[in-house]
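Here is the structure we will look at.
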Amino acid sequence: MSNIRPSPRFCPQCGALLPPGEPRFCIECGHALGAAPEVVSPAPSSAGRMTVRLPNARVEQSVIGGTVKLPSSGAIPPGMWVLDEPPSAQAVVALYAPLRAVVGGWSGLSGQGWRRAERQAMAGSRVAFTFLAERVWFPAPGCGGGLQLHVTIAATAEAQEGRERLGFRYREGDDPPMEVVSAEWRTGDGETVVQHPIPAIQIMAPPRIPRVSDLPEAIRRASRGEADRWVDGSATRGTYQLLGGDVQQRTPAGRGLVLVEVAETERRNWLQRLFVLTPSRYRARIERPFTVDWGQWKQQVKAIQREAASLGLDIETDAAVEWWLDRYGYDGVIFTGARQRYQCDQVIIAFRRGQLVQV
């Protein structure tokens with residue numbers, strides 16, 4: 001068994017194709033390719049730049065066909081294979097598992113890319129549940145001999161006997177409870193190709209754009225005068241109330257904090273502040289929001305998914321939306337005409353606690 005790691009074909013930082021041989025730096029972004037980089041969170045991208053990232057590039061993962069450990073920086077994501085022939089048995093391809101970012105980690109849910117397959121009794125009155133997901137690895141257009149690799153991924157989760165599990169989760173940095181259980185090549189017409197060998201397969205989490213729970217931020221207090229000066233230059237100048245509190249919410253725009261505008265209250269004396277409970281009020285600094293009518297959001301999401309797929313990002317809706325908003329430099333979303341969902345006409349989604357102050 002060889003422990004030699006193949007040279008990466010694509011930059012783990014920006015996704016650019018690397019020159020042949022053993023390059024030391026990426027010619028596009030200057031990222032060092034020699035020693036394994038430190039474990040750091042990816043920085044938000046600049047507006048308009050492609051942000052195809054290998055989010056697990058600094059974490060060793062197991063591959064199908066043996067016990068060899070390979071880092072995903074040497075794996076080829078969907079849509080980025082540019083050779084005429086399909087990958088050989090020595091190549092490593094990468095697949096995005098249908099995962100959703102949650103506080104401190106990832107989750108997979110039945111009905112959202114996964115289906116529950118079987119349960120198995122374990123020792124100690126525990127039950128193991130198995131969930132399956134089918135994913136397709138594909139080459140760049142006109143490459144790879146027109147073949148696609150159809151892969152089945154299995155994930156396991158445990159529960160006490162008598163309890164049900166609708167999915168699984170794991171913490172960021174831990175070994176994911178997933179493995180490849182089957183893989184086969186197929187033509188574009190769906191015909192199975194048995195004579196071509198199966199490459200090593202790397203399971204990856206989707207791109208994780210830093211949002212609320214990923215950042216060590218807190219909402220600070222500010223006087224009204226200080227808050228007025230702080231929001232200078234913001235597209236959101238009103239006074240707001242948080243729906244669901246200051247904990248991370250799953251919103252149509254991905255993970256975030258949900259705000260609705262309220263009337264600014266009169267200043268209260270100390271007796272009123274002591275005995276009269278009123279919801280907290282906030283000011284928000286969002287300089288470049290993406291504004292969209294709620295009735296047009298579904299069409300916008302479809303366009304986002306097409307754009308992500310064109311760059312090889314075969315990822316689920318939440319991850320695609322977060323990636324797209326980050327790609328174009330948006331720091332929030334304003335939904336207009338949102339009464340059907342939120343019982344108010346306008347809703348603001350902030351991406352960080354640091355964008356808010358309490359007044």
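We use all heavy atoms of the structure for the numbers below, so side chains are in, but hydrogens, waters and symmetry mates are not.
In terms of modelled atom types and a separation under 3.5 Å, the side chain of R165 and the main chain of R116 share no donor-acceptor contact. One N or O on the side chain of T236 and one on the backbone of A284 form a donor-acceptor pair closer than 3.5 Å. A distance-only check finds no donor-acceptor pair linking the side chain of W81 to the backbone of F138 [under 3.5 Å]. No donor-acceptor pair under 3.5 Å is formed between the side chain of W297 and the backbone N or O of V292. The closest donor-acceptor contact from the side chain of D214 to the backbone of R211 lies under 3.5 Å.
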message: Let's go through D331 and R285 carefully: what are the C-alpha distance in whole Å and the side-chain angles of both, what is the deciding distance for salt bridge (charged side-chain N to carboxylate O under 4.0 Å, His left out) to 0.1 Å, and is it a yes or a no?
response: CA-CA 9 Å; D331 60 350; R285 184 180 179 88; over 6 Å; no

field: Test salt bridge (charged side-chain N to carboxylate O under 4.0 Å, His left out) applied to E322 and R208, step by step
entry: CA-CA 8 Å; E322 292 186 12; R208 188 181 183 103; over 6 Å; no

- request: Would you please test V151 and V93 for side-chain contact (heavy atoms from CB on, under 4.5 Å) and show each step?
  value: CA-CA 11 Å; V151 179; V93 300; over 6 Å; no

- prompt: Does the pair L109 and W114 meet the rule for a side-chain contact (heavy atoms from CB on, under 4.5 Å), with working shown?
  reply: CA-CA 6 Å; L109 292 176; W114 299 87; 5.8 Å; no

message: One pair to check against side-chain contact (heavy atoms from CB on, under 4.5 Å): T187 and L147. What are the steps and the verdict?
response: CA-CA 5 Å; T187 65; L147 297 183; 4.1 Å; yes

task: Take V180 and L95, measure what side-chain contact (heavy atoms from CB on, under 4.5 Å) needs, and give me the verdict at the end.
output: CA-CA 10 Å; V180 174; L95 283 171; 5.8 Å; no

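Both W106 and I203 belong to a common hydrophobic cluster when Ile, Leu, Val, Met, Phe, Trp and Tyr are linked at side-chain heavy-atom distances under 4.5 angstrom. No chain of hydrophobic side-chain contacts below 4.5 Å, direct or via other Ile, Leu, Val, Met, Phe, Trp or Tyr residues, connects I286 to V347. Transitive grouping of hydrophobic side chains (ILVMFWY, heavy atoms separated by less than 4.5 Å) keeps V260 and Y282 in distinct clusters. V231 and I348 end up in different hydrophobic clusters when Ile, Leu, Val, Met, Phe, Trp and Tyr side chains are linked at under 4.5 Å. In the hydrophobic clustering of ILVMFWY residues, with side-chain heavy atoms under 4.5 Å counting as a link, F290 and Y240 come out apart.
Taken to the nearest 0.5 Å, the CD atom of Q355 stands 9.5 Å off from the CG atom of L215. W137 contributes atom CH2, which lies 11.0 Å from atom CE of M80 (distance to the nearest 0.5 angstrom). We find the CH2-CZ distance between W230 and R283 to be 9.5 Å, quoted to the nearest 0.5 Å. The CG atom of L257 lies 6.0 Å from the CD1 atom of I219; values are rounded to the nearest 0.5 Å. Rounding to the nearest 0.5 Å gives a distance of 9.0 Å between CD1 of I153 and CD of E134. Put simply, CZ on R186 and CD on Q148 are 9.5 Å apart, with the number rounded to the nearest 0.5 Å.
C344 is not listed as a side-chain neighbour of F335, based on a closest heavy-atom distance of 4.5 Å or more. Two residues are said to be in side-chain contact when any heavy atoms from C-beta on lie closer than 4.5 Å; V258 and I349 meet this criterion. Residues D228 and D232 fail the side-chain proximity criterion, which asks for heavy atoms closer than 4.5 Å. For the pair P98 and R135, the minimum side-chain heavy-atom distance is below 4.5 Å. Residues D246 and L356 fail the side-chain proximity criterion, which asks for heavy atoms closer than 4.5 Å. Side-chain contact between R281 and Q241 is present, with heavy atoms from C-beta onward closer than 4.5 Å. Side-chain contact between L99 and E316 is absent, with no heavy-atom pair separated by less than 4.5 Å.
If you run side chain to side chain contact (heavy atoms under 4.5 Å, CB included) between R255 and each of R100, Q249, R250, Q248, only Q248 comes through.
A cation-pi geometry, defined here as NZ or CZ lying under 6.0 Å from the six-membered ring centre and within 45° of its normal, does not hold between R119 and F129.
Considering all non-hydrogen atoms of both residues, G295 and D293 come closest at N-OD2, 2.9 Å. Across every non-hydrogen atom of E158 and R126, the tightest pair is OE1-NE, 3.2 Å. The two atoms that bring P199 and S88 nearest to each other are CB-O, 3.2 Å, heavy atoms only. Of all heavy-atom pairs between V102 and S107, the closest is CG1-OG, 3.5 Å. Between Q343 and Q340, the shortest heavy-atom distance links the atoms NE2-O, 4.0 Å. Taking all atoms of both residues into account, the shortest heavy-atom contact from A97 to M178 is CB-SD, 3.9 Å.
Ring planes of F168 and Y170: parallel class, angle under 30° (limits at 30 and 60°).
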